[in-house]
Amino acid sequence: MPKHMLGRVFSSIFTVAVIFMPISTAIMATLPFSISIYAFAVIGAGILLVSGGGVLYGKKVLG
């Protein structure tokens, strides 16, 4: 990725995250079963899988 594009990529990621924060907060607040240890464990496992896939993909692409 070109260095001059790096700030645009980061700002896009943060903008999308800020847009979805109220939506996810509303969903977590309206679904009573979503606030439990099991739900947070599933979310954490999903984050680990996605980030692990990103690391493997980066190693494959960047060598």
Side-chain angles (χ1 to χ4, degrees):
M1 174 181 316
K3 296 277 187 196
H4 69 278
M5 296 294 285
L6 198 56
R8 293 178 185 175
V9 171
F10 285 146
S11 66
S12 300
I13 291 170
F14 290 130
T15 301
V16 170
V18 168
I19 289 171
F20 283 112
M21 266 187 234
I23 297 168
S24 62
T25 302
I27 291 171
M28 292 290 282
T30 57
L31 301 175
F33 62 87
S34 68
I35 302 176
S36 68
I37 293 295
Y38 177 72
F40 285 105
V42 169
I43 292 168
I47 291 170
L48 288 174
L49 286 173
V50 169
S51 61
V55 167
L56 293 175
Y57 178 76
K59 285 186 177 185
K60 180 181 176 185
V61 170
L62 300 175

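Below, all heavy atoms of this structure are taken into account, side chains as well, without hydrogens, waters or symmetry copies. Predicted model, so just to flag it, every value in this text is computed and none were measured.
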Tracing side-chain links under 4.5 Å among I, L, V, M, F, W and Y, which residues wind up in one group with [X]?
{"X": "Leu48", "result": "none"}
{"X": "Met21", "result": "Val18"}
{"X": "Tyr38", "result": "Val42"}

Looking at every non-hydrogen atom in both residues, tell me the closest pair between Ile23 and Ile19 and how far apart they are.
CD1-O, 4.0 Å
